[in-house]
Amino acid sequence: MRIGLRVSKAVILIVLIVLMAVVFSGPKESRETFETVLSKTQEGLDLSSMPGQDNQKIREIFGLDPESFSAIAYFKIDDVMQANEYMLVQFNDKSQSKAFEDAVKKRIDEQINLYEGYAPDEVQLLDDAIIDVQANYALYVVDDQAAQIHEQFLSSL
């Protein structure tokens, strides 16, 4: 009887530890406002060559409905010979991250197919693209400054 009780306690303790590890190990939702995250992500960077794009452009290029997200900002270089772009998204709920990631991966594949034959530098930028989903925010970057933008994004959350 005592052995069965000890085994039961041990099993419950192990289940509790595993459950706590799962709950506390995932990315935490950021409480920062979208404007703050966007501002801190862009801080100190020269992004003048990448003007902000409107919701129609987001629908056209990514097939995403901007109104379905809590907030979204998309910046793209005007020069069609360059692939530089980035997008910051705040999700209403975590289930939106899959659609975002799928749309971005499709965009990268399309861009690689476009630049493959004549712009190897752009293909390399696309191969090095950053897609990072953090609970209620996501970042997509294709740029020479991608690592810095990504680092500032993470620290802004």
Side-chain angles (χ1 to χ4, degrees), residues 18-157:
V18 168
L19 182 61
M20 287 176 56
V22 168
V23 168
F24 293 111
S25 66
K28 309 267 186 292
E29 281 203 14
S30 175
R31 295 184 188 268
E32 291 291 341
T33 65
F34 183 80
E35 292 74 21
T36 300
V37 174
L38 181 61
S39 174
K40 288 181 178 180
T41 299
Q42 296 177 337
E43 199 170 90
L45 299 171
D46 179 15
L47 300 170
S48 58
S49 65
M50 283 200 283
Q53 305 295 310
D54 62 14
N55 286 352
Q56 182 178 345
K57 199 64 141 171
I58 295 168
R59 278 187 202 93
E60 175 187 317
I61 292 176
F62 293 92
L64 294 170
D65 178 15
E67 279 98 34
S68 70
F69 299 103
S70 182
I72 189 167
Y74 173 53
F75 303 86
K76 182 180 178 333
I77 198 160
D78 284 333
D79 185 353
V80 295
M81 297 299 289
Q82 295 181 316
N84 303 59
E85 61 188 357
Y86 87 95
M87 186 185 308
L88 179 66
V89 176
Q90 183 180 25
F91 302 121
N92 285 318
D93 62 70
K94 294 174 187 174
S95 67
Q96 294 179 303
S97 65
K98 174 98 170 88
F100 170 80
E101 283 185 279
D102 291 347
V104 167
K105 287 175 182 174
K106 181 180 178 199
R107 168 72 174 169
I108 291 169
D109 290 343
E110 289 170 351
Q111 291 292 88
I112 287 172
N113 288 336
L114 177 70
Y115 291 113
E116 213 163 27
Y118 66 93
D121 292 342
E122 301 310 303
V123 173
Q124 186 60 52
L125 270 180
L126 290 157
D127 284 338
D128 296 338
I130 293 173
I131 305 169
D132 187 5
V133 175
Q134 295 287 324
N136 59 330
Y137 278 96
L139 176 73
Y140 159 60
V141 186
V142 176
D143 195 76
D144 292 328
Q145 304 174 87
Q148 183 178 356
I149 294 170
H150 185 230
E151 183 179 308
Q152 289 179 192
F153 165 69
L154 291 174
S155 67
S156 73
L157 301 176

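Scanning both residues, Lys94 and Ala135, for their nearest heavy atoms gives CG-O, 4.1 Å. Counting all heavy atoms, side chain and backbone alike, Ala83 lies closest to Val142 at O-CG1, 3.6 Å. Nearest heavy atoms, Ala138 versus Val133: CB-CG2, 4.0 Å. For the residue pair Lys76 and Gln53, the shortest heavy atom distance occurs at O-NE2, 3.6 Å. Scanning all heavy atoms of the two residues, the minimum distance from Ile72 to Pro66 falls at CG2-CB, 3.7 Å.
Here Lys40 does not pair with Glu43 in a salt bridge; the nearest charged N to carboxylate O distance is not below 4.0 Å.
The CD1 atom of Ile131 sits 12.5 Å away from the CZ atom of Arg107 when rounded to the nearest 0.5 Å. Going from atom CG of Leu125 over to atom CD1 of Ile112 covers 10.5 Å, rounded to the nearest 0.5 Å. Between the OG1 atom in Thr36 and the CZ atom in Arg31 there is a gap of 14.5 Å [rounded to 0.5 Å]. Annotation: the span from Leu38 atom CG to Phe75 atom CZ amounts to 5.0 Å, rounded to 0.5 Å. Note that CD of Glu122 is 8.0 Å distant from CD1 of Ile77, once rounded to the nearest 0.5 Å. Distance check, rounded to the nearest 0.5 Å: CG of Asp78 to CG of Asn84 gives 11.0 Å.
Here the side chains of His150 and Leu139 are in contact, with some heavy-atom distance below 4.5 Å. With contacts defined as side-chain heavy-atom distances shorter than 4.5 Å, the pair Asn92/Ser68 does not qualify.
Under the 3.5 Å distance criterion, the side-chain polar atoms of Tyr140 are left unmatched by any main-chain donor or acceptor of Glu101. Looking only at distances, a side-chain donor or acceptor of Tyr137 sits under 3.5 Å from a matching main-chain atom of Glu32. In this structure, Gln134 contributes its side chain and Leu154 its backbone to no donor-acceptor pair below 3.5 Å.
Counted by atom type alone, Tyr86 and Gln145 present zero donor-acceptor pairs between their side chains at under 3.5 Å.
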task: Give the C-alpha distance, both sets of side-chain angles, the deciding distance and a yes or no for side chain to side chain contact (heavy atoms under 4.5 Å, CB included) between Gln111 and Ile108.
output: CA-CA 5 Å; Gln111 291 292 88; Ile108 291 169; 5.8 Å; no
query: Going through the distances and angles, do Lys98 and Asp102 end up as a salt bridge (Lys or Arg N to Asp or Glu O under 4.0 Å)?
result: CA-CA 6 Å; Lys98 174 98 170 88; Asp102 291 347; 3.0 Å; yes
message: Apply side chain to side chain contact (heavy atoms under 4.5 Å, CB included) to residues Met81 and Tyr118 and explain how you reach the verdict.
response: CA-CA 10 Å; Met81 297 299 289; Tyr118 66 93; 3.6 Å; yes
query: What's the verdict on side chain to side chain contact (heavy atoms under 4.5 Å, CB included) for Arg59 and Glu67, showing C-alpha distance, side-chain angles and the deciding distance?
result: CA-CA 10 Å; Arg59 278 187 202 93; Glu67 279 98 34; 2.5 Å; yes
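By the 6.0 Å contact criterion, CD on Glu151 is open, its count of non-hydrogen atoms from other residues, nucleotides or ligands being 12 or less.
The ring pair (Phe, Tyr, Trp, His ring centres under 6.0 Å) test applied to Phe153 returns no partner, not counting sequence neighbours. Remark: Phe34 pairs with no residue by the ring pair (Phe, Tyr, Trp, His ring centres under 6.0 Å) rule, at least two apart or across chains.
For residues 125-150, the set of pairs meeting the salt bridge (charged side-chain N to carboxylate O under 4.0 Å, His left out) definition, not counting sequence neighbours, is empty.
Aromatic ring centres of Tyr74 and Phe62: separated by under 6.0 Å.
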